[in-house]
Amino acid sequence: MSFYGVELASRLMLGTSQYPSPAILSEAIRASGAEVVTVALRRESGATLAGQGFWSIIRDLGVRALPNTAGCHSVKEAVTTAHMARELFGTPWIKLEVIGEDDTLQPDLFGLVEAARILTGDGFQVFPYMTEDLFVASKLLEAGCEVLMPWGAPIGSGRGLNNPFGLRTLRAHFPDVPLVIDAGIGLPSHAVQAMELGYDAVLLNTAVAKARDPVMMAKAFAQAIEAGRAAWQADPMEPRDMAAPSTPVIGKALLG
Amino acid sequence: MRIMLNGETREVAGPTLALALEELGYGGAIVATAVNGTFATAAARPALALKDGDAVEVLAPMQGG
């Protein structure tokens, strides 16, 4: 699997927020096998310099950072944040979030397309956080995005895939575009379902960070994603309404 | 001069953004800056003169999802 020409072995991308401690964060990232972790930019205090310690942990892990524009509600805010992220993290990658509605954290799809167009023009490699809308997907691809990241459910909700039909449709329409389920995953079974639908990767945070044992949950997700990917590659059987005996009827003895 | 640093009023001598950052404890730190909502690159900081009332944002890597 590759994003913007970068080959990755792991199909799990992990967020770095809400862990009980920096040590558990590090251990969970290692246990997950993730090669890409999401990071953010926030105000730094000159007195505590808390962000410096966090960044040194991430760098020591040797993983690739995918900075986000989380919390941005306007195109200008998202574009400025992306520029600051590029300098700070030294990467053209940006997970582009333009939030449109606060209860669901649903993306502002109009602002998203506009910001994506501006940023790709500025040389960014954009990972847009979107809904499963087909038309928006085509507009984002026209804007220069080479990866799409539809939500499974609202961020942090843990509800799984709210619209499997829509996600399957998106996969079918864009068979060659790397697609990542971003947000809403709560359980490894949700990640399996995403991979069985043919999605290329899963990005999650809260499901691991808020488990009682984040390290064990990170391992569980890694295994789930491998299982789901293998199932997709194996081409599953079609479900049917009527039973069909799996044991051959021919050769059965007459005993009754 | 008086500036707004990350939303809080601070008194700094400046006169440039680079010198103000040193003064405020950010010397050597990995940060990205904006002045009045516009990105100020690291390269621009030594020549960027601050003025009274400027809103300066200093951001660093932080946990994110």
Side-chain angles (χ1 to χ4, degrees), chain A residues 13-19 22 25 37-59 65-71 74 76-77 79-90 95 97 105 122 129 155-156 182-183 203-209, chain B:
Chain A
M13 301 156 82
L14 202 57
T16 56
S17 193
Q18 307 180 85
Y19 290 82
L25 163 66
V37 299
T38 51
V39 291
L41 295 84
R42 286 293 180 266
R43 286 171 165 174
E44 180 81 320
S45 157
T48 60
L49 296 175
Q52 310 302 305
F54 165 69
W55 185 224
S56 116
I57 289 169
I58 299 302
R59 278 185 308 189
L66 172 59
N68 68 28
T69 63
S74 71
K76 179 183 182 299
E77 205 181 4
V79 168
T80 302
T81 302
H83 278 274
M84 295 175 84
R86 181 162 65 179
E87 183 181 87
L88 201 57
F89 297 102
K95 177 186 164 185
E97 295 183 31
L105 296 178
D122 289 342
Y129 161 65
I155 295 171
D182 173 17
L203 198 173
L204 57 95
N205 187 155
T206 313
V208 167
Chain B
M1 79 188 90
R2 188 169 290 184
I3 62 167
M4 290 293 283
L5 172 70
N6 290 343
E8 289 179 8
T9 307
R10 296 291 294 268
E11 195 71 37
V12 291
T16 64
L17 177 57
L19 290 172
L21 289 176
E22 289 280 343
E23 190 183 338
L24 291 163
Y26 296 105
I30 297 167
V31 292
T33 51
V35 177
N36 299 326
T38 301
F39 175 41
T41 65
R45 287 177 205 154
L48 200 160
L50 292 177
K51 59 182 187 307
D52 209 44
D54 275 348
V56 177
E57 293 285 338
V58 181
L59 307 186
M62 209 59 73
Q63 294 87 344

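What you are looking at is a predicted structure, and each value in this text was computed from that prediction instead of being measured.
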Visitor: Identify the heavy atoms of A:Asn68 and A:Ala40 that sit nearest to each other, and give their distance.
Guide: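 Closest approach of A:Asn68 to A:Ala40: OD1-CB, 3.4 Å.
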Visitor: Is it the side chain or the backbone of B:Thr41 that comes within 4.5 Å of chain A heavy atoms, both, or neither?
Guide: both
Visitor: What part of A:Tyr19 gets closer than 4.5 Å to chain B, counting heavy atoms only: side chain, backbone, both or neither?
Guide: neither
Visitor: Where on A:Arg59 is there a heavy atom nearer than 4.5 Å to chain B: the side chain, the backbone, both, or neither?
Guide: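 It is the side chain, since no backbone atom gets that close.
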Visitor: State the CZ-CG distance between A:Phe89 and A:Leu41, to the nearest 0.5 angstrom.
Guide: 4.5 Å
Visitor: Okay, side chain of B:Asp52, backbone of B:Arg2: is any donor-acceptor separation there less than 3.5 Å?
Guide: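 Side chain of B:Asp52 to backbone of B:Arg2, a donor-acceptor pair under 3.5 Å: yes, one is there.
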Visitor: Of the listed residues (A:Val39, A:Asn205, A:Thr16, A:Val79), which shares the most heavy-atom pairs with chain B below a 4.5 Å separation?
Guide: A:Thr16
Visitor: Is it the case that more than 12 heavy atoms not belonging to B:Glu11 sit under 6.0 Å from its CD atom?
Guide: yes
Visitor: Distance-only, no hydrogens or angles: does the A:Glu44 side chain make a donor-acceptor pair with backbone N or O of A:Gly51 under 3.5 Å?
Guide: yes
Visitor: So which of A:Met13, A:Met84, A:Glu77 has the largest heavy-atom pair count under 4.5 angstrom toward chain B?
Guide: A:Met84
Visitor: Say you draw a straight line from CD1 of A:Ile155 to CD of A:Glu97; how long is it, rounded to the nearest 0.5 Å?
Guide: 4.5 Å
Visitor: Quick check on A:Leu49 against chain B: is it the side chain, the backbone, both or neither that has a heavy atom closer than 4.5 Å?
Guide: side chain
Visitor: Between OG1 of B:Thr33 and CZ of B:Arg45, what distance do you get to the nearest 0.5 Å?
Guide: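 If we round to the nearest 0.5 Å, B:Thr33:OG1 and B:Arg45:CZ are 3.5 Å apart.
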Visitor: With rounding to the nearest 0.5 angstrom, report the CZ to OG1 distance, B:Phe39 to A:Thr81.
Guide: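 One gets 10.5 Å once the value is rounded to the nearest 0.5 Å.
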Visitor: I need the residue from A:Gly46, A:Ala70, A:Ala183, A:Gly15 with the largest number of non-hydrogen atom pairs under 4.5 Å to chain B.
Guide: A:Gly46
Visitor: Under a 4.5 Å heavy-atom cutoff, which of B:Ala60, B:Gly7, B:Ala32 has the most pairs with chain A?
Guide: B:Ala60
Visitor: What part of A:Ser45 gets within 4.5 angstrom of chain B, counting heavy atoms only: side chain, backbone, both, or neither?
Guide: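 For A:Ser45, the backbone is the part near chain B, not the side chain.
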Visitor: What part of B:Leu24 is in contact with chain A, defined as an atom under 4.5 angstrom from a non-hydrogen atom: side chain, backbone, both or neither?
Guide: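 The answer is the backbone of B:Leu24.
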Visitor: Between A:His83, A:Arg42, A:Lys95, which shows the greatest number of heavy-atom pairs under 4.5 Å with chain B?
Guide: A:Arg42
